[in-house]
Amino acid sequence: MARIGIDLGTTNSLAVAYKDDKPVKILNSLGSFITPSAVSADDDGKIIVGQPARDRLISHPDRSASEFKRDMGTRTTVVLGGNEYTPEELSSLILKKLKADAEAFLGEPVEEAIISVPAYFDDNSRRATRIAAELSGLNVERLINEPSAAALSYLTKNGYEDGTYMVIDFGGGTLDVSVVDVFDDIIEILAVAGDNKLGGKDFNEAVARDFCKKNDLDYGALSSVEKAVVYRAAERAKMELSSVPMVMMEIPLEQHKYVLTLTNKELIRISKDIFGRIREPVRKAIHDSRKKLEDIDTVILVGGSCRMPTVREFIKKITGIDPDTSVDPDTAIAEGAAIYAAMKNKDLKDVILTDICPFTLGVAVNNDILNDGSKIMSPIIPRNNTLPSSIQRSYSASHDNQTGITLEIYQGENIHPDENLFIGELKLSCPPCKRNEKICDVKMTYDINGILIVDVTTTDGAKATKAFRSNSSVLSEDEIDRMRSKMEASMLIRPEDEKYKALIARAERVYEQSYVETRSIIATHLMNFRAALERQDIIRVRETYKALSDLLDTLEY
Ligand code: ADP
Ligand code: MG
């Protein structure tokens with residue numbers, strides 16, 4: 001049974017395994033490392049996941065969803081093909097796909113995963129991610145913060161060197177900047193800052209608008225399909241500019257061919273505002289980490305938009321540091337998650353990743369203000385404290401001649417213990433105390449794996465210790481079963497079907513982007529292919545599949 005690392009991204013997701021002492025990127029059923037985080041419902045209400053779903057964002061926008069990671073932990077839902085889906089459910093469909101692809105690729109069952117989440121994800125979003133994992137049938141022992149995963153990937157490649165790192169993650173729709181400290185095998189996130197409305201999408205939009213402007217087209221006035229066609233071409237041109245100096249854009253719209261030549265210099269000019277907005281999160285992350293720019297030893301770039309040479313140069317300009325090029329911006333986070341998953345195997349170096357405590361841990365004490373016998377929470381480890389942490393507090397007797405202590409331990413933010421989650425109880429006797437005299441010290445130690453250790457020491461030196469495991473499963477078995485059967489009802493897709501669906505989705509997209517005369521050729525091929533599928537004629541399916549995909553390849557240069 002294998003264990004994998006998963007980068008569950010806003011735009012793209014991917015999975016990495018750890019085999020023969022190194023991370024191995026998992027190819028999905030379409031032969032790509034990257035699975036777009038998109039879900040679509042087809043005409044019979046069946047669910048399509050990944051690239052074909054992404055293609056359908058253009059051809060069937062009202063039956064397709066993307067960017068649901070932004071809504072994790074909220075009550076937002078979307079309706080696809082008549083069914084309502086929560087962000088957890090949509091994410092679980094992506095995870096399920098990654099799991100199935102990993103199993104096919106590795107040839108063994110995959111039941112456990114480490115999933116990365118943004119460092120700023122709060123408790124709700126983290127819970128939602130765990131729920132998504134449970135729904136997909138994956139065991140998630142823990143989540144890993146994206147910048148920690150990126151750092152882990154860097155350190156594994158370059159050796160564990162103490163230092164201060166800046167991780168810049170520039171994805172499809174978000175920019176996250178983190179300052180990460182590595183000391184004695186402890187990886188600690190010192191600060192995170194970001195702009196959750198800035199990413200590769202903005203470059204696409206800028207190029208699309210520029211294309212229209214130069215061609216005397218009104219971008220705002222285009223139909224939604226035309227807009228999507230221009231937008232897709234803009235994204236492709238932007239991506240190509242990461243490896244070639246100049247790109248010719250050619251878009252057929254309303255029987256007319258529009259063209260534009262794009263260079264990186266031009267791209268910088270039309271994206272001035274975007275570049276300007278990269279500065280602030282970089283400044284803020286440094287500031288909040290109480291470090292100076294001079295303290296940063298290495299800048300690690302991850303996220304698809306960091307493939308852009310213009311972005312790399314801009315970051316070099318504002319930090320004064322030549323960014324590292326040893327990690328792959330697309331896969332670093334998933335690799336880090338896989339490395340962390342493999343660390344359980346003793347032969348791998350063990351590092352400690354710090355995290356933020358998502359809730360408060362404390363004990364119930366008498367309400368001295370009301371003095372009515374009611375109890376209030378006395379926090380010991382406050383929410384947002386860095387983990388692992390160990391904090392001690394002293395408590396005094398609540399009445400004269402007190403000879404025993406009963407500690408009730410709770411987790412939660414409410415001042416009334418009853419409203420919080422009861423974790424457990426610890427009892428011990430003590431020498432007689434007067435009211436308000438110190439009676440004991442309570443030390444709580446909490447690590448990122450959800451283990452809470454409580455030590456109580458009385459004034460005469462007597463000690464008691466108890467360990468608790470905080471709730472690892474966030475849903476009841478019943479809830480999981482109910483949600484799972486609902487999801488399974490809408491799942492189909494044998495792997496071979498999926499390849500066919502992907503081709504159909506692609507053909508439909510290219511059809512929409514083509515001139516009229518080309519359209520009829522595509523339509524004919526598509527019809528032949530569909531007919532073969534319908535008859536389940538495997539030889540004809542193979543022939544027509546090849547004919548159609550060859551045609552699309554030539555049309556999409
Ligand atoms: P997320 O973290 O949001 O899931 P990714 O890190 O996968 O996203 O980044 C996706 C973004 O990266 C998209 O906007 C895409 O256009 C952009 N991108 C991917 N490859 C390249 C490339 N070679 N050049 C420029 N941009 C790229
Ligand atoms: Mg990402």
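Atoms considered below: every heavy atom in the structure, side chains included; atoms not considered: hydrogens, waters and symmetry mates. Numbering of ligands and ligand atoms starts at 1, following listing order.
Side chain of Ser289 to main chain of Val179: no donor-acceptor pair is present (N/O by atom type, distance under 3.5 Å, no hydrogens or angles). At least one donor-acceptor pair under 3.5 Å links the side chain of Ser271 to the backbone N or O of Leu267. Panel note: side chain Arg130, backbone Val140; a donor-acceptor pair is recorded below 3.5 Å. Without hydrogens or angle criteria, Asn264 side chain to Leu241 main chain gives a donor-acceptor distance under 3.5 Å. With hydrogens and angles ignored, the 3.5 Å screen pairs a side-chain donor or acceptor of Asn28 with a backbone N or O of Gly31. Under the 3.5 Å distance criterion, the side-chain polar atoms of Arg70 are matched with a main-chain donor or acceptor of Gly173.
Looking only at protein heavy atoms, the nearest one to atom 7 (O) of ligand 1 is Asn12 ND2, 2.8 Å. Of the protein's non-hydrogen atoms, the one nearest atom 14 (O) of ligand 1 is Gly200 CA, 3.3 Å. The single protein non-hydrogen atom nearest to atom 2 (O) of ligand 1 is Gly171 CA, 4.0 Å, given as residue, atom name and distance. In terms of protein heavy-atom proximity, atom 3 (O) of ligand 1 is closest to Thr11 OG1, 2.6 Å. Considering only non-hydrogen protein atoms, atom 20 (N) of ligand 1 sits nearest to Met239 CE, 3.6 Å. The closest protein non-hydrogen atom to atom 24 (N) of ligand 1 is Ser242 OG, 2.6 Å.
For Gly304, a nitrogen or oxygen atom sits less than 3.5 Å from a nitrogen or oxygen atom of ligand 1, counting backbone and side chain alike. Looking at ligand 1, you won't find any N or O of Thr174 less than 3.5 Å from one of its N or O atoms. No N or O atom of Asn204 sits closer than 3.5 Å to an N or O atom of ligand 1. The distance criterion of under 3.5 Å between nitrogen or oxygen atoms is not met by Arg307 with respect to ligand 1. Looking at ligand 1, you won't find any N or O of Asp330 less than 3.5 Å from one of its N or O atoms. Between Gly303 and ligand 1, not a single N/O pair is under 3.5 Å apart.
Annotation: cation-pi geometry not satisfied between Lys257 and Tyr515 (NZ/CZ under 6.0 angstrom from ring centroid, within 45° of ring axis). Judged by the 6.0 Å and 45° rule, Lys25 forms a cation-pi pair with Phe33.
Under a 4.0 Å criterion applied to the non-hydrogen atoms of Gly172, ligand 1 contributes the atoms 1 (P), 3 (O), 8 (O), 9 (O), 10 (C), 11 (C), 13 (C), 14 (O). Close approach of ligand 1 to Gly9 (heavy-atom distance below 4.0 Å) involves ligand atoms 4 (O). Against a heavy-atom cut-off of under 4.0 Å, Met308 is close to the following atoms of ligand 1: 25 (C), 26 (N). Close approach of ligand 1 to Lys238 is summarised as follows: ligand atoms under 4.0 Å from at least one heavy atom of the residue are 14 (O), 15 (C), 16 (O), 17 (C), 26 (N).
The closest approach between any non-hydrogen atom of Gly199 and ligand 1 is not below 4.0 Å.
In this comparison of Glu146, Glu235, Glu67, the heavy atom closest to atom 13 (C) of ligand 1 sits on Glu235.
For Ser92 and Ser136, the side-chain atoms include no donor-acceptor pair closer than 3.5 Å.
Remark: aromatic rings of Tyr160 and Tyr154 are distant, center separation not under 6.0 Å.
Ring planes of Tyr258 and Phe211: perpendicular class, angle over 60° (limits at 30 and 60°).
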